[in-house]
Amino acid sequence: MKYENFETLKKNSDFRRVYSRRRSFANKYLIMYVLENGTDTVRLGVSVSKKVGNSIVRHRLARLIREAFRLNSGNVKRGMDIVVVARDGLKGKSYYETEEAMIYLLNQHKLLL
RNA sequence: UGAGUAGUACAGAUGGUCGCAGCUGCAAGCGCCGAAAGGCCGCAGUUGAGGAAAGUCCGGGCUUCACAGGGCAGGAUGCCAGAUAACGUCUGGUGGAGGCGACUCCAAGGACAGUGCAACAGAAAUAUACCGCCAGAUUUCCGCGUCAGGCGGAAGGCUGGUAAGGGCGGAAGGGCAGUGUAAGAGACUACCGCGCAGCUGGCAACAGCUGCGGCACAUGUAAACCCCAUCCGAAGCAAGACCAAAUAAGGGAGCGUUACGGUUGCCCGCCGUGCUUUCAGGUAGGUCGCUGGAGCCUGCUGGCGACAGCAGGAUCAGAUAGAUGAUCAUCACGCGCAGAUGUGCGGACAUAACCCGGCUUACGGACUGCUCAUAUU
RNA sequence: GGAGUGGUAUCGAAGUGGUCAUAACGAGCCGCACUCGAAAUGCGGUUGUCCGUUCCGGGCACGUGGGUUCGAAUCCCACCCACUCCG
């Protein structure tokens with residue numbers, strides 16, 4: 001998938017590089033890892049564990065996270081790799097609650113312009 | 001109205017706005033990414049999950065390998081007939097089981113081919129005599145009686161008969177009634193059951209009738225081995241094909257036709273080729289396969305039916321870390337509150353990954369036929 | 001996506017049709033001994049859940065639910081969960 005303002009993380013090694021920096025913030029719904037990637041683009045990786053739910057639930061959560069990021073991506077600092085992990089608490093929550101959690105974590109990382 | 005039973009279709013709709021993926025059309029520059037193969041960038045139109053997409057339990061198609069052949073294993077199915085590309089599926093029958101009924105369910109070949117197993121209990125488990133019943137001789141005791149022999153009864157062990165009764169067990173050598181007998185026993189008889197033969201009906205499973213066998217081979221287990229009949233080559237789209245690049249989809253050392261690999265699990269046979277040992281670390285690109293199919297809908301014909309044939313019509317998912325989402329409004333549906341209007345909440349299960357036919361499991365409300373019960377007419 | 005393996009006390013595991021759950025064996029836990037004290041070692045005991053409940057006795061339990069069998073942890077079928085492998 002290609003979006004106007006950002007790209008996506010694909011490889012397992014990319015995810016591991018971001019995790020290894022351990023720069024993360026979390027709340028009840030999401031965990032966010034961040035790493036500078038040395039470019040001028042933003043790359044998003046979404047991870048939903050199998051423990052959260054079945055395929056329907058996991059796809060739903062991934063789409064909500066992607067949508068929340070997309071609608072705020074214009075304001076995000078460039079040159080970052082961001083991995084967002086969905087937690088169990090996000091299950092059954094609406095778009096607005098997801099977006100609120102996303103913005104809160106982006107602020108914690110001081111990534112919003 | 002309630003309870004039940006069989007089945008059918010559906011899986012909210014419409015419209016804005018912002019996004020994602022495929023396809024088609026137009027457009028585009030000596031454009032961008034890349035070592036190359038190849039890919040990307042604009043605009044418009046159009047399309048974009050399911051009945052189970054699930055579990056991966058069966059059956060096919062497709063692909064690669066193996067296809068000279070032989071033997072032994074191994075697996076699956078299992079009443080009969082049919083349907084089908086095929087099936088462990090489906091249809092119609094037969095037999096059995098359950099239900100008042102509509103209707104449902106059944107791994108339903110063979111235990112006279114052979115082998116094994118059957119704990120505990122029980123006397124005995126495929127063969128028996130513990131209690132009991134009966135007979136015989138005998139010992140002791142009692143009674144009667146006698147010149148003597150004897151007669152009757154009781155008890156004990158002994159020998160034999162018995163499978164009716166008791167008891168054990170899931171199962172005890174067909175059942176029940178009678179005759180018979182010392183007591184008994186298919187020893188004999190009727191009926192039922194079983195086996196065999198014949199006839200009738202049916203393609204058949206099987207059913208009905210008649211006769212014969214006195215029952216000897218006859219407990220259960222084949223989801224124990226097995227026998228019989230039928231079927232099965234192996235793996236799977238991460239199959240596989242092509243393209244591109246080589247400091248590495250490997251390197252070093254040693255040995256030399258012994259061996260290794262493939263061929264279904266094994267043996268023979270056959271085919272191919274270097275092989276053995278030791279040792280890292282990281283990288284694995286692109287295109288095709290990829291969706292039009294034993295498919296779907298409607299009608300007619302044949303068939304009880306599964307289904308088949310013919311005619312017409314529609315045909316628009318193909319991602320590759322993986323697209324169908326978000327939000328707003330209106331309407332419809334259900335529930336709650338208020339009660340003409342309104343308002344709030346809610347919509348099950350579950351996401352295609354090469355494609356079909358089934359099975360199984362998860363799950364929402366709606367409708368239709370039929371059955372039973374109750375009430376009313 | 002596809003191919004496989006396994007579920008038994010708290011843990012690791014044996015048992016593959018009978019009186020087999022005395023749940024072997026090992027670890028763990030508890031107690032005793034040894035020691036100034038501990039560790040190690042040795043000896044003994046305990047194992048889940050429900051019911052009645054003082055000792056103690058009984059039922060249910062081998063992932064779950066059915067079936068075959070007189071009898072199932074074991075054989076058959078369906079489902080659930082965990083783990084491994086693929087180029």
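Order of the sequence lines fixes the chain letters, A, B, ..., with proteins taken first and strands second; residue numbering starts at 1 for each chain.
- When each of A:Val57 and A:Leu71 is assigned the nucleotide of RNA chain B bearing its nearest heavy atom, the one mapping closer to the 5' terminus is A:Leu71.
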Identify the pairs formed between an N or O of the protein and an N or O of nucleotides 318-323 of chain B at a distance under 3.5 Å, and give each distance.
unit_1, atom_1, unit_2, atom_2, d
B:rA321, O2', A:Lys10, O, 3.2
B:rA323, OP2, A:His59, NE2, 3.4

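- Across all non-hydrogen atoms, the minimal contact from A:Leu9 to A:Ile82 is CD1-O, 4.2 Å.
- Picking from B:rA350, B:rC18, B:rU327 the nucleotide with the shortest atom distance to the side chain of A:Ile56 gives B:rA350.
- Nearer the 5' end of RNA chain B, as judged by each residue's closest nucleotide, is the contact made by A:Tyr3, out of A:Leu64 and A:Tyr3.
- On the P atoms, C:rC80 is 26 Å away from C:rA72, given to the nearest whole Å.
- With a 6.0 Å radius and a threshold of 12 heavy atoms from other residues, nucleotides or ligands, A:Gln108 has its CD atom above the threshold.
- Counting only residues at least two apart or on different chains, the ring-ring contact (aromatic ring centres under 6.0 Å, His included) pairs with a member in residues 18-46 of chain A are A:Tyr19-A:Tyr33, A:Phe25-A:His109.
- A gap of 9 Å separates the P atoms of B:rG88 and B:rU77, to the nearest Å.
- Residue A:Tyr96 contributes atom OH, which lies 16 Å from atom P of B:rC18 at whole-angstrom precision.
- Between the P atom of B:rG325 and the CG atom of A:Leu90 lies a distance of 17 Å, rounded to the nearest Å.
- Taking the O4'-C1'-N9-C4 or O4'-C1'-N1-C2 dihedral as appropriate, B:rG186 has a value within 90° of 0 and is therefore syn.
- Under the Watson-Crick or G-U wobble criterion, with both distances below 3.5 Å, B:rG214 is left unpaired in every strand shown.
- Pair assignment for B:rG201: B:rC206, on the basis of Watson-Crick or G-U wobble contacts that are both within less than 3.5 Å.
- Atom-to-atom, CD of A:Glu67 to P of B:rG325 comes out at 11 Å; the value is rounded to the nearest Å.
- Across all strands shown, B:rG293 has no partner, as no Watson-Crick or G-U wobble contact with both distances under 3.5 Å is found.
- In this structure, C:rU16 shows a glycosidic angle within 90 degrees of zero, which is the syn conformation.
- Where pairing requires Watson-Crick or G-U contacts shorter than 3.5 Å, the helical stems of RNA chain C with at least three consecutive pairs are C:1-7 with C:80-86, C:10-12 with C:25-27, C:28-33 with C:41-46, C:48-52 with C:56-60, C:63-67 with C:75-79.
- Base-pair partner of B:rU1: B:rA373 (Watson-Crick or G-U wobble, both distances under 3.5 Å).
- Across every strand in view, B:rA53 sits unpaired, with no contact that passes the Watson-Crick or G-U test at under 3.5 angstrom.
- Between the P atoms of B:rG318 and B:rG22, the separation comes to 10 Å (whole Å).
- The phosphate of B:rU351 (OP1 or OP2) has a side-chain N or O of A:Asn54 nearer than 4.0 angstrom.
- Here B:rC20 presents its C1' atom at 16 Å from CD1 of A:Ile65, a figure rounded to the nearest Å.
- For B:rA49, the glycosidic angle deviates from 0 by 90° or less, giving a syn base.
- As rounded to the nearest Å, B:rU8 and B:rC103 have P atoms that lie 16 Å from one another.
- The local environment of NZ in A:Lys77 is sparse, with at most 12 non-hydrogen atoms from other residues, nucleotides or ligands closer than 6.0 Å.
- If you measure from atom CD of A:Glu7 to atom C1' of B:rC41, you get 13 Å, rounded to the nearest angstrom.
- Closest approach of A:Ala86 and A:Leu61 over heavy atoms only: CB-CD1, 4.3 Å.
- Separating the CZ atom of A:Arg70 from the P atom of B:rU17 is a distance of 14 Å, rounded to the nearest angstrom.
- In this structure, B:rU77 and B:rA229 make a Watson-Crick or G-U wobble pair, each of the two defining distances being under 3.5 angstrom.
- With both pairing distances under 3.5 Å, B:rC67 is matched to nothing as a Watson-Crick or G-U wobble pair.
- A:Arg70 places no side-chain N or O within donor-acceptor distance of the main-chain N or O of A:Phe6, the cut-off being under 3.5 Å.
- For the C1' atoms, the distance linking C:rG26 with C:rA13 amounts to 8 Å, nearest Å.
- There is a path of hydrophobic side-chain contacts, each under 4.5 Å, that joins A:Met80 to A:Leu112.
- One C1' atom belongs to B:rA81, the other to B:rA204, and the distance between them is 6 Å to the nearest Å.
- As rounded to the nearest Å, B:rA53 and B:rU360 have C1' atoms that lie 16 Å from one another.
- Anti is the conformation of B:rG95, whose glycosidic angle sits further than 90° from 0.
- B:rA154 and B:rU140 make up a base pair, with Watson-Crick or G-U wobble contacts both under 3.5 Å.
- We find the CZ-CE distance between A:Phe69 and A:Met32 to be 7.0 Å, quoted to the nearest 0.5 Å.
- In terms of hydrophobic clustering, with Ile, Leu, Val, Met, Phe, Trp and Tyr side chains grouped at heavy-atom distances under 4.5 Å, A:Val84 and A:Val52 are assigned to a common cluster.
- A salt bridge links A:Arg23 with A:Glu36; the closest basic N to acidic carboxylate O contact falls under 4.0 Å.
- Remark: the separation of the C1' atoms in B:rG55 and B:rA97 is 32 Å, to the nearest Å.
- In this structure B:rU258 sits in the syn conformation; its chi angle is within 90° of 0.
- A:Arg78 and A:Ser73 get closest at one heavy-atom pair: NH1-O, 3.8 Å.
- One distance of note links CG of A:Leu106 with CD of A:Glu99; it measures 10.5 Å at 0.5 Å rounding.
- Distance CG (A:Leu44) to P (B:rC20): 14 Å, rounded to an integer number of Å.
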